[in-house]
Amino acid sequence: MAAVLVRTEHITPTQTIMGADAYNKMFTLHGAMMVFLFIIPGIPAALGNFVLPLMVGAKDVAFPRLNLTSWYLWIIGAVFAVASLLVGGFDTGWTFYTPYSTTTPFKGVIPIATGAFILGFSSIFTGLNFIVTIHKLRAPGMGWFQMPLFLWALYATAIIQILATPVLGITLLLLIVERALGVGIFDPALGGDPILFQHFFWFYSHPAVYIMIVPAMGVISELISVFSRKHIFSYRFIAYSSIAIAVFGFLVWGHHMFTSGQSSLMNMIFSALTFSVAIPSAIKAFNWVATMYKGCISLKTPMLYALSFLFLFAIGGLTGLFLGSLTTNVHLHDTYFVVAHFHYVMFGGTVIAFLGGLHYWWPKMTGKMYSDRQGQIACFLIFIGFNLTFFTQFIMGTHGMPRRYFKYSEQFTTLHVLSTVGTYVLLVGFLLVAYYLIDSLVRGPKAPSNPWGGASLEWQTTSPPPVENFSQPPIVGDPYDYGDLVYDPEIRGYRKLIKTGAA
Amino acid sequence: MEAETTQSHTSSEHNPHLAHHFGSLTQQFDSGKLGMWLFLATEILLFGGLFCAYSVYRANHPEIFIYAHQYLSKFWGALNTCVLLFSSFTMAWGVRCAQLGRQRGLVVCLALTLLCGFVFLGVKYVEYKEKWQHGLLWGKYYSPVHHHDDSHEAASGEGPAPQEGHPAVASAVAQSMTPTVVLTTDAGVVVERSKILPAPTGPGGLASLSAGRESHGDEPRNVQLFFSVYFLMTGLHGVHVIVGLACIGWILRRAVRGDFGPGYFTPVDLVGLYWHLVDLIWIYLFPLLYLIH
Amino acid sequence: MNLIQSILDSASLRFLNQADETFWLPAQRSTYAGEVDALFYFILWLSVFFFSLIVGLMVYFVWKYRAREGHTSQPSPIHNTTLEVVWTIIPVLIVIVIFYMGFTGFMNIANPPQNAYEINVTGMKWKWLFTYPNGYVDEKLHVPVNRPIRLVMTSEDVIHSLYIPAFRMKMDVVPGRYHKIWFNANKEGEYDVYCAEYCGTSHSDMITKQWFMPRENSKSGSRMPRTSSPHCRLMRPERSSTSSVDVPAATQSTGRPTPARPSRICSATRSSSKMGQQWRWMRTISVNRYSIPRPRWSPAISR
Amino acid sequence: MAHESTPHEQVGHVMSFRVLLAVWIALMFLTYVTVAATTFNLGEFNLMLAMGIATLKASLVLLFFMHLVYDRPFNAVIFICSLCFVMLFVILAMVDTAHYQNTLIPGYAPGMAPE
């Protein structure tokens, strides 16, 4: 909603519906809320907590009470975030750059910093749970390479969560102490160094953007393989590329600071390392396309989301090349080009994959089917609205429209209006999705246990699964082998072809 | 506290301590250990951030650290190290007693560890109080009292606001309307590089041109940096010691109740791991802060 | 779809010459802008190629292998190591090329030449102050054309970032440090100067102008920059109670031409003969705010 | 004590007391050495020595007090990974801060009084 307000504000070059401070708070709110409250916990916690035990064939995650603590920490973090609003909001941008964040007149900085600190713990506990579950609670006979790729993605995400989030914790702790007690670590007047804060912040935040995108890739690997009725292409390379992204993600945080006074030696090192991260994503994209070769592609809603993911993530990934090379980065840094780039990757990537995953596991979660027709319309709406909104921002960015600008020069007016129209189309798309998903809860037909013909373990139990997940221990096989699954019209789902020919 | 160490005690058919979703006791124990080591990894990274701040500021301003370490007494530091090492020893011994089922030994060891923890905190309190009196605090509260008289008017919490003095530009840029502004630049500390004269703050610049502390005497600039880093590190470590003590107290209560035996002692082991980590961090903190040469 | 429109439009590729505004990029007004744009177009075309490869294949497969009666997925290889290695090596090579081009270009941008004409920039909350070697301080940046200019920049309070899109130049200004950046403008005109790093309430007001004095006709006195050019919409920063910007009326930095504001005469008359030998800058400084003796100023570090 | 009905397998490794005592004495001795080392000035080598001794002590605690030697190797892998990432962060941050020290203006650091 904050995003829609921000866009409406941009219809006219000068003030439209709110003052400068309000606008600054609005885009900071949009940034901080989306990052800390939605996208980081999004796929790992919302989908992962449900699907991981099923896919692994376990009764529950390794530490169920820790999982519960993680959920309550998320609630407390959200309460702190809302508290920061009541106290007066904060307008530092989600990056909290000092010395502005320690001297901004708005009091909301400390509550949101504590909120994000607590959410960090929630994220650590989720990651911790996933690693232990994947290591210790795999079903008998499920080796590391019989696991669905979504679990590899969650494993890679968990590694990042464990190794990066504590640095966010210490950064926010230092920020709070700096602002409250004037410790002077980042305050130039007391001998501190503001660029050091940027190092601290981005050391966490770049791996954090991979926390956001890697699970999305995991979901897409599942969707494309199931809906092309074809074994995923080169399972090991996709699995290893997930881990590679997780590890390389730690080496590249400097590319956020090319123009902020980093020494040119480090600029060179970080620019080189940044390109190393682009490779695994490229491999994944090629493998997904290769999976569809000679498949039997059924365009159901989850598949539509997967295809639009591929389209949008290709743009998002390739525009990263512009920002990775030093020369063009100088021109494009902190402009709308960057805004468009990360929205393409985060929105076009994570949110679209989240919707795809949601639609894919919705029958399994709720035991109700949603209407596929409405799903396809909604996906189309979101796709068009998204492109309209953010492709125009690429053009604005290259023309030098700086980021986080309340007022802008007239030459960008038409593009801003186009972008705002796109936002409204997106809004309609999302409302439609919300509508028919809730509607399916109320009036949806009963979902079969395997509506899409998936071969991983979660489809072997009833939907919604019983408390102990599996009534009888699941049969572990190759998660992408769809050989003996046949569509059974009367239950509108797939079931194993009983070799003995019994119906 | 560490929820993952308390397995739910639903009564499974053959062992009350086996949580419902684990196959066997070893699987549960290994999961607990793995989970704990992951949590320790996060702690190491948390302190890693502080060590990074320490090393960055020490690499770039060694003179501050060399000058300021004289305020830290090696004796108290060494004492603290021995206290923590001993507590680690008794903790490990306690874990051994739990494994062998010696409940009385376990209770004694845990009590000893608890005692050592409090001694450690006591020593820290003494050190902090002594620094507080000398005004050697962090950031803007840093106002060293050079005359070591006994008068305790040393700046209490609220030190004087950062002085206005800025060696290079002593200009008082009046925001008056007079177009001509007299800009006097005194010699100030001659450094090999000339000072870039910032444009006079123009019409009412926001900056209160305070460049940290006035440097009087041989004290290098920005000594409060050392104390900021010192208080941050030892403070956060102190918080972790307090959390550790709470856990040990909780384990002690359960040990007295007789929960732990050879078959099930995971909580003791995990809290032991946590305590050893706290000791580990102090082992690195001690030389870095106290033994600067 | 706007993608195709962008391809068609950028098809009219005008590399390296002083291109005016193209679909993707603003006009090139500094020497290294050409390089930046060349690399931009190179990566753009590369991305368009790979993009159409991936999406084209995807659409083709979706169409060709769509689920229909009597069509099932034929068996096909699920693993092909050579193919994997091929499409790992090719991107690595391409990426190395991009990195190399990006890095060499950056070295050119980051290291100012020796004989640059130096201006000291101070960023503060919501406006820029440019101090010229003769001590004249101004909100606007007046620079001669075809002469390397080096900006030595620092900030008074929070982190700002001097961004001039026409020169493809951007550098953050951090309090307590000075950063150097340079450019060499090659065409007269008036260009926007933005603040690219978020810095508070009126971050978007930190727009100032950049004037270029034509060098050729400097004898006849350069054209007087109009005091209230339409583009120069500097809104007066709301007197938010918090920020203590106490801007005395006379020296208002706002664009709106207040009566009190003297008409700005900045005629850059240069003794035409000995170019660069003696740069007599301000013949007549009517009422400017600071006539300061030439500050003792020698940036020793100009590597 | 909870008496389990079925004979349970002994979980985890039991440390012999002598080993514990020996480790503790070694730690005490090392502490003494590191404090004594500060009496004579070895120049910058001093920091190296202090760090060396600290690492030795830390590894003693790790291997014996925390049973890392007798545990599953994966726990050690986790520990070493976390150390590597800390080193990565520290080294890159130090290299960068070292390289832009020359842009610092020694005497001039405007401080904004936080309103």
Side-chain angles (χ1 to χ4, degrees), chain A residues 20-21 24 93 97 99-100 103 105 188 194-195 228-231 233-234 237 259-261 264 267-268 271-272 275 278-279 282-283 285-286 289 292-298 307 310-311 314-315 318 321-322 325-328 330-331 333-334 391 398-400 402-409, chain C residues 2 24-26 35-36 39-40 43 47 50-51 54-55 57-58 61-62 65-67 71-74 76 78-79 84 87-88 91-92 95 98-99 101-103 105-106 109-110 158-159 161 163 165 168-172 174-177 179 192 194 196-204 242:
Chain A
D21 285 341
N24 294 342
Y97 271 1
Y100 182 70
T103 54
I195 303 297
S228 321
R229 310 303 309 152
K230 200 169 113 11
H231 193 281
F233 187 82
S234 67
F237 266 81
T259 61
S260 71
S264 30
N267 280 348
M268 190 259 292
S271 172
F275 286 114
I279 306 298
I283 295 173
F286 295 141
V289 173
M292 300 206 293
Y293 174 64
K294 278 210 176 89
C296 157
I297 297 160
S298 60
L307 295 176
L310 207 55
F311 180 93
I315 295 183
L318 289 170
L321 294 178
F322 292 88
S325 78
L326 285 167
T327 331
T328 43
V330 167
H331 174 55
H333 182 67
D334 264 345
F391 198 82
T398 49
H399 279 287
R403 193 177 164 189
R404 294 171 175 159
Y405 251 36
F406 171 62
K407 283 194 268 290
Y408 50 86
S409 26
Chain C
N2 43 32
W24 277 108
L25 288 164
E35 279 170 45
V36 173
L39 183 60
F40 180 86
I43 303 177
S47 313
F50 273 104
F51 174 74
I54 293 175
V55 171
L57 265 177
M58 178 179 87
F61 284 161
V62 162
Y65 304 110
R66 63 188 183 285
H71 167 77
T72 58
S73 55
Q74 298 95 343
S76 65
I78 61 166
H79 187 70
E84 288 293 332
W87 65 34
T88 312
V92 167
V95 147
I98 296 179
F99 161 69
M101 289 172 71
F103 174 60
F106 183 75
I109 292 174
V158 283
I159 296 179
S161 175
Y163 176 37
R168 313 290 187 273
M169 185 205 83
K170 178 190 288 114
M171 180 53 108
D172 278 18
V174 179
R177 302 156 55 146
H179 289 157
D192 284 341
Y194 294 109
E197 182 59 51
Y198 179 71
C199 61
T201 313
S202 329
H203 163 58
S204 50
T242 49

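Computation of the quantities below employed the complete heavy-atom set of this structure, encompassing side-chain atoms and omitting hydrogens, waters and symmetry-equivalent molecules. Naming convention: chains lettered A, B, ... in sequence-line order (proteins, then strands); numbering from 1 in each chain.
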- Task: Between chain C and each of A/A314, A/S271, A/A282, count heavy-atom pairs under 4.5 Å; write down the option with the most.
- Result: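 Highest number of heavy-atom pairs under 4.5 Å: A/S271.
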- Message: With chain C as the partner, which of A/P194, A/S228, A/A272 has the greatest number of non-hydrogen pairs under 4.5 Å?
- Response: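 When all of A/P194, A/S228, A/A272 are compared, A/A272 has the most.
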- Item | C/M101 vs A/T327, side chain to side chain contact (heavy atoms under 4.5 Å, CB included): CA-CA, chis, key distance, verdict | CA-CA 8 Å; C/M101 289 172 71; A/T327 331; over 6 Å; no
Closest heavy-atom contact between [X] and [Y]?
{"X": "C/E84", "Y": "A/S234", "answer": "OE2-OG, 2.6 Å"}
{"X": "C/G102", "Y": "A/L326", "answer": "O-CB, 3.7 Å"}
{"X": "A/H331", "Y": "C/V36", "answer": "CB-CG1, 4.3 Å"}

- Item | Proximal component of A/L321, with respect to chain C [non-hydrogen, under 4.5 Å] | both
- Message: Under 4.5 Å from any heavy atom of chain C, what part of A/F286 do you find: side chain, backbone, both or neither?
- Response: both
- Query: To the nearest 0.5 Å, what is the distance between CD1 (C/I54) and CZ (A/F311)?
  - Reply: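 Going from the CD1 atom of C/I54 to the CZ atom of A/F311 covers 11.5 Å.
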- Query: Rounded to the nearest 0.5 Å, how far apart are CZ of C/F61 and OH of A/Y293?
  - Reply: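 C/F61 CZ to A/Y293 OH: 7.0 Å, rounded to 0.5 Å.
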- Examine whether an atom of C/I109 lies under 4.5 Å from a heavy atom of chain A, and if so say whether it belongs to the side chain, the backbone or both; otherwise answer neither. side chain
- State whether the side chain of C/K170 and the backbone N or O of A/H333 hold a donor-acceptor pair below 3.5 Å, judged by distance alone.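 Side chain of C/K170 to backbone of A/H333: a pair is present.
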